[in-house]
Amino acid sequence: MNEARISHPQDISLRDQAEAIASGELSASELLNVTLARIEERDGALDSIADVFAPQSAQMSREAPAGPLHGVPIAIKDQFALPWRAPRDGAFKSPYGIAPGESGVFRRLRDAGAVVVAVSNMHEFGLGSTGHVSAYGPCANPWDPSRCSGGSSSGSAAAVAARLVAGAIGTDSGGSIRFPCAYCGVTGLKHTWGQVPRDGFTHGYLTLGAPGPICRDAADARLLAEALLARPLEQRPTKGLRVGLPRAQLWSDLDPEVDAACSEAVERLGEAGIEFREVSLAGVEHALIATVLLISLEGLPAAKPELEAEINPHLSPLVRALTKSQLLVPSIALLKSNRVRAQIRRSIAATLREVDALAWPSTPAPAPLIEEPTVRLPSGDYPADFANVRLGGVANLAGVPAASVPCGFTEAGLPIGLQLLAPWQQDARLLDLAELLEVFTERRYVEAVPPLALETAA
Amino acid sequence: MRDPEQFEVFVRAGLAQHGLEVDDLELHIMRLAEELYGPLRDALLASDLSDVPPELELDPSRAPRSEG
């Protein structure tokens, strides 16, 4: 642990926390206590944390097995059953009737020695990319609390960016890890579908959604991902890797600052020996609507009618209207969405035989205002959800792993993220590329500290 | 895109089949969503995907088994 640089254990990386505990330099109970204190001190301006449970966390800490995350506090999105808490999906209650218990993600974290310190805020039912709609209140962006943190894994990304925790678990069914990571300037990875146990996960029924780590940099994300996957993610050489850029399709209609920052990242990776090629993907013109329809409709059979009736009056008007709209979608639209999905999966598979990864921006614009969550693009102003899912949904339809990596800031100081996709099961390659970008940008984007974290640093 | 009156009739009648009602705010939100997503849905419905074979054994954890 570098004492000269450290004023608080949550200002160091996840791996340094683990190392400090392993070496005896820091005790797990001390780390837990200062983490809870920091959440109490700093989260008021953000609302990134939905719930803390000090007695249960302390028990986890005391009973933590030896493991790569021994004693390290982790926040977990409000979609996973904990032995002492049912997930609520960012709402009054989840419609899926999941009771308190050991979700698969909880078991993986516990078995790695981690301590679940908090449940993080999220967009209600996961039905949004902004994080400003939640039963817990809107989740603010640590870089500018008047702006959205992104969603639906809003609290996970905001808490990591604000240095409340060094690692958090998010989930991603249409971009819900990558959007908040881009907005909050942190690193997030959506795993290949189905690699993490889905029991006790409110959206475990979805064929689009996957959990993943959210951390400040790729090395920390690798450590947390290894815990989630329960296997090593070996670092491999990146020299000579080929990355495809679907410029005409997914680098279009972007905020100019996002375009510039992502293009700059590509240049840096090019200097690092990555070869770039223009590619074209079939079916992406329908990716947005296919993603929205599948996310909306796949959950309907899993919801319990009696719970829906109980929950409905407590939902935000936005989500209440959207959930009612789901009942009116013509069935042919779902069938055609699945046909589009097949087309995209085949095209991605064919393209990823010619290149080793794909890249385009994580979001088309930086974080919008909470009061008005619309983004301005060259073609006009749009609700952020509409604009974001166009770029996020492709990876979910395909099932491939995808990451958002910090790659710049706007002039106003808002973070920008580059999205990377790899072939199925090649999750580690995304972290290899992310680490390469960190090196070739002198780690300036992953080391940047939001003003809120500087103001309250003790 | 449906005209506003037709849209309201469609929504109210459709939800009534599920035993649900819709208030003015919900209807307003649905209209906004329809303005945005309706054209994309209609384009999807109008698209000719007859030469795209379905993926009969979808496993999103792996590449598709056949090229179709």
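Lettering of chains follows the sequences in order, A, B, ..., and the numbering in each one begins at 1.
- Both the backbone and the side chain of B:Leu49 have a heavy atom closer than 4.5 Å to some heavy atom of chain A.
- For A:Gln195, the part lying under 4.5 angstrom from a heavy atom of chain B is the side chain only.
- Other residues, nucleotides and ligands contribute more than 12 heavy atoms inside 6.0 Å of the CZ atom of A:Arg242.
- Distance CG/B:Leu15 to CG/A:Leu327: 6.5 Å, rounded to 0.5 Å.
- Here A:Arg346 contributes atom CZ and B:Glu55 contributes atom CD; the two are 6.0 Å apart, rounded to the nearest 0.5 Å.
- Between B:Leu40 and A:Phe386, the closest heavy-atom pair is CD1-CE1, 3.5 Å.
- Minimum heavy-atom separation, A:Leu322 to B:Ala33: CD2-CB, 4.4 Å.
- The side-chain contact (heavy atoms from CB on, under 4.5 Å) check on A:Leu206 picks up A:Ser173, A:His203, A:Glu298, with sequence neighbours excluded.
- Residue B:His28 places its NE2 atom among 12 or fewer non-hydrogen atoms of other residues, nucleotides or ligands, all under 6.0 Å distant.
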Q: Begin with the C-alpha distance, continue with both residues' side-chain angles, and end with the deciding distance and a verdict on side-chain contact (heavy atoms from CB on, under 4.5 Å) for B:Leu44 and A:Leu293.
A: CA-CA 11 Å; B:Leu44 174 68; A:Leu293 290 173; 4.0 Å; yes
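- Side-chain contact between A:Trp424 and B:Asp59: absent, with no pair of heavy atoms (C-beta onward) separated by less than 4.5 Å.
- Interatomic distance, A:His191 NE2 to B:Ser61 OG, rounded to the nearest 0.5 Å: 14.0 Å.
- With a threshold of 4.5 angstrom between heavy atoms, A:Asn396 does not approach chain B through any atom at all.
- Not a single donor-acceptor pair under 3.5 Å links the side chain of A:Lys324 to the backbone N or O of B:Glu26.
- Only the side chain of A:Leu288 comes within contact range of chain B, with at least one heavy atom under 4.5 Å from a heavy atom of that chain.
- Per-residue counts of heavy-atom pairs under 4.5 Å with chain B were compared for A:Gly399, A:Pro423, A:Ala210, A:Ala398; the largest is that of A:Gly399.
- Remark: B:Arg41 CZ to A:Ile332 CD1 distance equals 13.0 Å, nearest 0.5 Å.
- Within a 6.0 Å radius of CD in B:Gln17, no more than 12 heavy atoms belonging to other residues, nucleotides or ligands are found.
- Scanning both residues, A:Ala342 and B:Pro53, for their nearest heavy atoms gives CB-O, 3.8 Å.
- In terms of heavy atoms, B:Leu45 sits closest to A:Lys336 at O-NZ, 2.9 Å.
- Counting heavy atoms from C-beta outward, B:Glu34 and A:Ser325 have side chains that stay 4.5 Å or more apart.
- Heavy-atom distances place no part of B:Leu32 under 4.5 Å from chain A, backbone and side chain included.
- In this structure, chain B has a heavy atom under 4.5 Å from the side chain of A:Val292, while its backbone stays farther away.
- Heavy atoms from other residues, nucleotides or ligands lying under 6.0 Å from CD of A:Glu372 number 12 at most.
- For B:Leu25, the side-chain contact (heavy atoms from CB on, under 4.5 Å) criterion is met by A:Pro317, B:Asp23, B:Ile29, not counting sequence neighbours.
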